[in-house]
Amino acid sequence: MLIRVENQVRASDLVGCRYRLVQRHTHPEVPRTEAAQARADRYDAARSAVWENFPRKSDSRRIPFRRIDLGPIPAEDPWLRSLETLEALATGATHITGAVFANEKWLVGVDMLVREGASASNGSYTPVMVSTHRVARKHDKAKTLGVPTHRLGLSEPLELGYKPRHHVLDGYHLAMAARALDDLGLNSGRGVLIGQDRNLAFYTDTATYQPALDAALDAVELENLPTQPRRVKECASCRFWPLCKPELEAMDEISLFLPGDRARPYRERGIETVQGLIDASLGTPSQLAAAWRDGTVLLAHGDITVPRADVEIDVDMEAYMDQGAYLWGAWMDGTYYDFVTWEMLGSKAEARNFAEFWTWLMEQRDNAHAAGKTFAAYCYSAHGENHWMRMSAQRFHAHTPGVPSVEEVDAFINSGEWVDMFAHVKANFVGPFGLSLKTVAPQAGFHWEQGDFDGEESVNARRVAIGTDAAALTAREMLLTYNADDVQATLAVREWMSDNAPNTPRLSA
Ligand code: SF4
C-alpha cells in the first residue's frame, strides 16, 4: 500500500528524504517554510514566463492548431483537472496546457501536452515540463534534439549543439506523464524539458526514466519507508526539522554530526551514535566528533600558511541562476568597489559591467607590477567566479571592448595571482561544521551586517531588485551590503590566518 499524503504521491516526494512522507502523513498541519514557499514562487514565476512563450497559433494552414488551456498548475482541484485533461485529450487538441494525470497511487501536473502526428485520430502526445534546472549545456560535440519553445508542436525538432543535463526530479515528472499517457495508448515515447533558458525546449526519451521511476515508487511503499529520521542536507530547510531534531538528539544519531552518506563507513563498523564515534578513537574522525559535541568550529593541522601580496583585492560575484553575473564586488585598501547592473542579464549592460570590472582589476594588477609590487586577488571558493569570468568572456568578448578573451581569463585564473581562499582554508583546517565562509569568518572575528542572508535569499532579492519601486531599491541595498560583507569576510580570514589563527585548537597527532 502507498502512503497517502494530500491524496497522492508527487514526483517531488520521490527525491530526497523519505521520512518526510512519514512526517507529512503524521503532521499535515506543519506549514511550508519560507524558503520552500520562495522556491515554489520562483518555480511559478519561471513557469508563467515559459507559458507566455508557448505557441498560440499556427502560422500555416497546413499545420493544425487547437490549444486548450486547462488552467494554472498546481491545480486547485487536481481530480477535476485530471478529468478535464481526459476530455481535452479526447478532442484531439494539438496543445493542452495545465494537464494533470492522477491514478490511485500518484499524481503529476504537466505544463503542456503536445500532439504528435497530423490527425486527431492517430495522434500521440508528448509531455512538456518546465524545470528550474539547467536542462542542457552548450557543447561542441554533443547533439540534442530541440526546438524554440514558441515552435513546440509546430516545427520538427532539430539537432542542436547541446548536451543534456539529467536531473532526477525532471526525469520522474516526465516518466509519470509518459506512463499515464501510455495507459491511455497516447504515449509518443518522447518528453520535452524547458530549463533556465526558457526559449529552448529539449527532447528526451522518456522510456529511459521508467526503471528509476519503478524503483522510486517502490521506495515510497509504506513498508519501505523509514521509521526514524536521519539527518540529511535538506533537513536545513525542511519544515519538519523542529520535530526530527529532538528525535535525532534523543538517539544521539551519528547523522547529527555526519549527515547523509558520510556516516556510512562508521555505520558499517556498527557505530550509530556520535558518542560511539568519539569513543572509537579513530583519529581525526573521532576528534572531529568530539569537537562537534563541544561546539569547537575549527581544528588546525599545525602552523598556518596563506599567500599574501603587496597589493591585495578581495573579489566576490553574484549571479542570477543560469542567466548571468550582475555584480562583481571588490575590496581594496578599505574601500568597496561595486560593478553592478540591474538590467536584463545576457544584455549589453551585463557585458559592459563585466568589462568595467575586468579593466579595473587588470589596471590594479598592472599598476602593482609597474611599481615592482606583488599582486593577488582573492576569492572564497572561486568556482562561481571562474565560471562567470569564462562565460562572460565567451559571450561578450567578440563585441564588447574591455571584455577579455577566454584565453586571457584562463591565464589569469591559472596564475598565482588569483587565489582561492577556500583551498587554503581546507589545507590548513578541518571543521565539524564545514569550512564555508559563513562558518570560518566568525572564527576570524568577522560578523555579517546582514545576518542570515544566504544564497537562496540573494536569488529572491535579485528578483525584486530588478524593479524600480521602493522594494527594489531596498533589495539592491541588501545585495550590495551582502556582497560587501562577503569580500570583507574573505579579507578577515586571510589576516587571521596570517596571524596563525590565534586560539584555534590543533589536531593531535
Ligand atoms: S527534517 Fe530531515 S529527516 Fe526530518 S523529514 Fe525533514 S529532511 Fe527528513
Side-chain angles (χ1 to χ4, degrees), residues 1-43 74 105-107 131-133 167-173 212-213 215-268 270-277 288-289 292-293 295 431-434 436 438-439 452 454-457 459-460:
M1 192 190 96
L2 274 166
I3 195 165
R4 298 297 173 82
V5 181
E6 292 161 13
N7 300 326
Q8 268 82 18
V9 168
R10 268 80 161 168
S12 56
D13 296 324
L14 303 178
V15 292
C17 171
R18 285 180 294 127
Y19 194 63
R20 210 177 43 203
L21 270 171
V22 178
Q23 291 287 43
R24 218 163 69 189
H25 183 61
T26 325
H27 303 283
E29 74 289 353
V30 179
R32 267 184 177 173
T33 60
E34 272 181 33
Q37 188 56 50
R39 254 196 311 277
D41 290 348
R42 263 207 317 277
Y43 187 30
K105 290 187 174 180
W106 48 260
L107 180 149
S131 166
T132 47
H133 299 125
H167 295 276
V168 178
L169 182 57
D170 295 339
Y172 289 153
H173 264 132
L213 177 60
L217 286 171
D218 196 43
V220 294
E221 293 284 347
L222 187 57
E223 62 272 19
N224 296 332
L225 288 174
T227 53
Q228 60 186 45
R230 268 192 190 175
R231 190 173 154 233
V232 287
K233 205 171 156 209
E234 69 195 271
C235 291
S237 57
C238 176
R239 68 174 108 166
F240 300 113
W241 181 240
L243 297 169
C244 292
K245 187 173 176 237
E247 266 194 75
L248 290 161
E249 285 171 346
M251 294 184 281
D252 192 30
E253 218 321 290
I254 191 170
S255 63
L256 281 166
F257 164 50
L258 294 174
D261 273 351
R262 290 172 55 205
R264 187 182 293 165
Y266 309 108
R267 289 190 199 279
E268 283 168 0
I271 300 171
E272 299 279 349
T273 63
V274 179
Q275 195 57 45
L277 181 55
L288 277 171
W292 178 85
R293 170 122 299 155
F433 305 102
S436 72
K438 282 273 181 342
T439 306
D452 235 4
D454 64 16
E456 179 147 347
E457 283 166 295
V459 170
N460 295 332

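For ligands, and for the atoms within them, numbers begin at 1 and follow the listed sequence.
Scanning the protein for heavy atoms near atom 3 (S) of ligand 1, the closest one is Arg230 O, 3.6 Å. Counting only heavy atoms of the protein, atom 4 (Fe) of ligand 1 lies nearest to Cys244 SG, 2.3 Å.
Between His133 and His167, the ring planes are parallel. Angles under 30° get that label, and only those over 60° would be called perpendicular.
Close contacts between ligand 1 and Cys238 involve ligand atoms 1 (S), 5 (S), 6 (Fe), 7 (S) [criterion: under 4.0 Å to a heavy atom]. Within ligand 1, the atoms closer than 4.0 Å to a non-hydrogen atom of Trp241 are 1 (S), numbered from 1 in the order shown. Residue Pro229 has at least one heavy-atom neighbour below 4.0 Å for each of these atoms of ligand 1: 3 (S). Remark: ligand 1 atoms within the under-4.0 Å shell around heavy atoms of Glu234 are 7 (S).
Note on Cys17: not counted as a metal contact of atom 4 (Fe) of ligand 1, no N/O/S atom lying under 2.8 Å.
Here the closest heavy-atom approach between residue Pro432 and residue Phe257 is recorded as CB-CE1, 3.7 Å. Taking each heavy atom of Arg18 and Asn224 in turn, the nearest pair found is NH1-O, 2.8 Å. Closest approach of Arg20 and Cys238 over heavy atoms only: CG-SG, 4.3 Å. Here the shortest heavy-atom pairing between Leu256 and Leu248 reads CD1-O, 3.5 Å.
Residue Lys245 places every heavy atom at 4.0 Å or more from ligand 1.
No side-chain N or O of Gln275 forms a donor-acceptor pair with one of Thr273 less than 3.5 Å apart.
When the options Arg24, Glu247, Arg230 are evaluated for a side chain to side chain donor-acceptor pair (under 3.5 Å) with Tyr19, the one that passes is Glu247.
Residue Cys235 touches ligand 1 through backbone and side chain together, judged by heavy-atom distances below 4.0 Å.
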